[in-house]
Number of protein chains: 2
Amino acid sequence: MSSLRELAQMLGLSITTVSRALDGYGDVAVATRERVLAAAETTGYRPNSAARRLRRGLTEIVTMVLPAEPGHFNEPLYIELLRSTGERLAQQGYDLTLIAALPGPDELKTYRRLIEGRRTDAIIVVRTRREDARLRYLTDIGFPFVAMGRSDFAEPYAYVDGDGEAAFHDAALRLTGLGHRRIGHLAAPSAFTFAHLRRSGFARAMRDTGLPGEIIEDSATEAGGYRAAGVMLAQAQPPSALLCATDSMALGAMRAVRERGLVAGRDIAIIGHDNIPAAAFSDPALATMELPIAATGRRLAEMALARIGGADPRDMTEINPVEFIPRASLGEARG
Amino acid sequence: MSSLRELAQMLGLSITTVSRALDGYGDVAVATRERVLAAAETTGYRPNSAARRLRRGLTEIVTMVLPAEPGHFNEPLYIELLRSTGERLAQQGYDLTLIAALPGPDELKTYRRLIEGRRTDAIIVVRTRREDARLRYLTDIGFPFVAMGRSDFAEPYAYVDGDGEAAFHDAALRLTGLGHRRIGHLAAPSAFTFAHLRRSGFARAMRDTGLPGEIIEDSATEAGGYRAAGVMLAQAQPPSALLCATDSMALGAMRAVRERGLVAGRDIAIIGHDNIPAAAFSDPALATMELPIAATGRRLAEMALARIGGADPRDMTEINPVEFIPRASLGEARG
DNA sequence: AGCCTCTTCCAAAACGTTTCGGATGACATT
DNA sequence: AATGTCATCCGAAACGTTTTGGAAGAGGCT
């Protein structure tokens with residue numbers, strides 16, 4: 001049964017009545033509604049989504065735009081995020097589509113094509129940057145969007161984020177509590193807000209404690225962590241603890257540590273962030289931090305739907321606590 | 001400029017002519033076509049996709065259904081696959097949507113909802129199983145689909161896959177060539193075709209060489225590899241080499257090896273498969289195998305489009321070679 | 001009886017595109 | 001001058017839904 005017309009014909013009703021019965025209007029007699037629902041059930045009627053979309057002016061699609069650096073798209077985070085967001089949207093009859101857009105001059109073109117072609121009702125922006133032209137553009141044209149992560153953008157916008165600032169502040173204090181006096185931070189590129197916040201939390205802890213606290217920035221990959229740790233350990237007085245912006249960087253740092261004959265968890269403490277699966281199986285197991293990624297995905301979906309419904313983004317800002325996960329790389333308290 | 005009607009009015013032409021000019025039909029004067037194209041360009045006209053979809057009966061959407069085990073969805077593979085597939089589809093004006101479906105009794109419901117609601121023109125099935133009800137269902141109803149990975153399914157279907165059988169056969173011979181005489185295979189659940197093929201390749205190499213070759217199966221995760229390796233190493237005569245179905249399993253196995261005071265790459269050789277980023281930074285660096293995932297994604301997209309166009313799946317089967325990546329965990333030749 | 005209110009139903013329009021089946025002239029051919 | 005052939009163009013239908021603005025009838029009230 002592929003159309004409302006056939007269904008109506010079969011039941012001896014008008015298209016209008018069948019449509020309204022299925023949508024649950026109060027407008028149709030209870031007996032009739034039940035007859036319609038039963039018939040729709042047995043014939044397996046499914047409304048044609050293109051027709052519904054055309055008529056209602058909605059696509060019933062939410063789009064997530066993924067940063068598409070060809071080499072390192074593989075943050076394990078994102079796939080779990082996609083799953084949870086997609087599942088929540090599906091509950092509401094929405095589909096999740098995915099496009100890749102490289103940061104750069106052509107980035108906004110992708111957004112424009114998406115919006116002007118009316119291919120989506122809302123956009124989920126991930127990997128936000130401190131200065132983010134995407135938020136500016138979407139806000140200016142009044143298109144519904146939700147961000148995963150924050151930005152320096154001044155106008156109100158909906159977002160979900162982990163409290164990386166507090167998490168790195170606490171982690172740094174945890175290290176000083178263990179007796180560390182020279183702590184290094186391997187930072188991710190500070191153009192990204194998440195990297196900036198984690199660095200700020202670390203810096204605040206250093207100010208609180210009056211310790212020096214050194215920072216080296218590199219890309220948020222194993223290779224980046226390896227390079228940054230290499231530089232840091234080559235100093236005359238290398239740090240006794242490395243607080244890394246991501247687990248990937250921390251795994252890279254571990255290799256640099258090993259190559260210098262040091263033992264992580266004994267000679268030097270290492271902490272990461274993300275709790276990727278490999279982190280629990282590194283040598284030694286990597287102490288890390290985790291934010292509730294599935295819940296984040298669900299909230300992003302719910303916010304996107306609310307924005308489509310016209311809700312005010314002012315009320316949609318959410319900063320979630322990050323859980324610390326101690327493991328062997330944290331080491332023991334030092335003399 | 002949001003509709004063909006407005007554009008036509010502005011140009012003093014009929015909707016028909018404008019539409020045909022934009023679609024490049026031969027039955028419109030060159031001068032007219034150029035006038036139309038110029039106007040469309042300056043006004044930024046974009047056809048309404050819902051209307052076009054309704055009229056043409058196509059959604060211009062391809063859907064990838066991801067296996068949604070909540071815990072371990074995070075194969076780094078998939079995100080790169082999504083990126084490359086999505087990019088290729090976008091070149092053709094197609095969108096890639098994503099849904100998650102758990103294997104199990106309700107799995108086919110997700111497919112049915114998708115197809116009967118006409119929400120997609122083709123489906124990409126990933127993580128194929130030897131007995132895969134999805135291929136049966138899609139073939140029976142004649143819906144266009146493409147599989148990443150093979151299945152025991154008898155009827156012709158389009159797929160792209162890596163040659164895991166040959167890769168594991170070669171890897172096993174490589175180990176015997178290094179002098180190993182007791183080789184263990186940590187297999188992934190053999191219901192999955194990829195796991196079955198890798199196991200078969202290993203088994204064939206053992207037959208070829210007349211060596212015993214032991215196999216233990218567990219889940220394709222770090223934890224699974226850890227467990228399986230633990231069992232294998234607890235034997236009276238443990239193997240001197242472990243060939244693991246995936247890098248995740250290999251990283252888990254490395255931990256089991258360490259806990260027994262053995263050193264991977266010296267006391268025992270370890271090989272994985274996938275070349276995940278963490279593999280290059282484990283201790284020791286993990287020897288592994290890699291298949292061209294971006295190319296695979298592109299081919300999946302192209303095949304999906306061809307199937308939508310009505311092409312015969314018989315001509316669309318592709319098995320790509322897997323590249324071996326030697327690293328320290330492979331060890332030296334033994335006495 | 002006349003008037004109102006309620007319940008239940010429906011015809012028709014609209015969303016914006018593609019496409020079928022001509023219509024209109026211009027020009028060449030007989 | 002009549003006919004045929006092209007090159008251009010267009011009107012109208014169709015895709016399947018949602019929604020507006022009633023219509024028809026039943027029953028209650030004065």
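Chain letters run A, B, ... following the sequence lines, proteins first, then strands; residues in each count from 1. Values below: every heavy atom of this structure, side chains too, minus hydrogens, waters and symmetry copies. Here the structure is a predicted model, which means the values were calculated and not measured.
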Original post:
Contact class for L13(A) (heavy atom, under 4.0 Å): base, sugar-phosphate, or nothing?
Top reply: sugar-phosphate

Subject >> Non-hydrogen atoms of D132(A) and T128(A) that approach each other most closely >> reply: OD2-CA, 3.5 Å

Subject >> Lys NZ or Arg CZ of R129(B) over F153(B) ring: under 6.0 Å, within 45° >> reply: no

Original post:
With distance as the sole test, does R33(B) use its side chain to make a donor-acceptor pair with the main-chain N or O of A31(B) at under 3.5 Å?
Top reply: no

Subject >> Verdict with supporting geometry, T17(B) and S14(B), side-chain hydrogen bond (donor to acceptor under 3.5 Å, both in side chains) >> reply: CA-CA 5 Å; T17(B) 302; S14(B) 76; 3.1 Å; yes

**OP:** Whole angstrom is fine here: how far is it from CG in L11(A) over to P in dC9(C)?
**Re:** 12 Å

**OP:** Could you walk me through whether S151(A) and T193(A) pass the side-chain hydrogen bond (donor to acceptor under 3.5 Å, both in side chains) test, one step at a time?
**Re:** CA-CA 6 Å; S151(A) 166; T193(A) 313; 5.1 Å; no

Subject >> Divergence of helical axes at both termini of the helix from dA1(C)-dT30(D) to dT30(C)-dA1(D) - five pairs an end, 10° steps >> reply: 70°

Original post:
With respect to the phosphate group of dT18(C), does any side-chain polar atom (N or O) of Y25(B) fall under 4.0 Å of OP1 or OP2?
Top reply: no

Original post:
Taking DNA chain D as the partner, which of residues 48-61 of chain A come within under 4.0 angstrom of it by heavy atom?
Top reply: N48(A), A51(A), R52(A), R55(A), R56(A)

**OP:** Using whole Å, report how far CD of E34(A) lies from C1' of dT8(C).
**Re:** 15 Å

**OP:** Mark yes or no for whether R307(B), through its side chain, and A311(B), through its backbone, hold a donor-acceptor pair below 3.5 Å.
**Re:** yes

Subject >> R127(A) to F194(A), cation-pi by 6.0 Å centre distance and 45° axis angle >> reply: no

Subject >> Nearest-0.5 Å distance, CG of residue L98(A) to OG1 of residue T63(B) >> reply: 11.5 Å

Subject >> 5' precedence on DNA chain D between D27(A) and G26(B) (nearest-nucleotide basis) >> reply: G26(B)

Original post:
Side-chain contact, heavy-atom cut-off 4.5 Å: D95(B) with R119(A)?
Top reply: yes

Subject >> Contact interval (first through last nucleotide) of DNA chain D with protein chain A, 4.0 Å heavy-atom >> reply: dG16(D) to dT20(D)

Subject >> R314(B) to Y157(B), cation-pi by 6.0 Å centre distance and 45° axis angle >> reply: no

Original post:
Taking the side chain of T16(A) as heavy atoms from C-beta outward, which of dA12(C), dC9(C), dT19(C) is closest to it?
Top reply: dA12(C)

**OP:** For the pair T59(A) (side chain) and D121(A) (backbone), establish whether a donor and an acceptor sit closer than 3.5 Å, ignoring hydrogens and angles.
**Re:** yes

Subject >> Length of the line joining R46(B):CZ and dT17(C):C1', which is rounded to integer Å >> reply: 17 Å

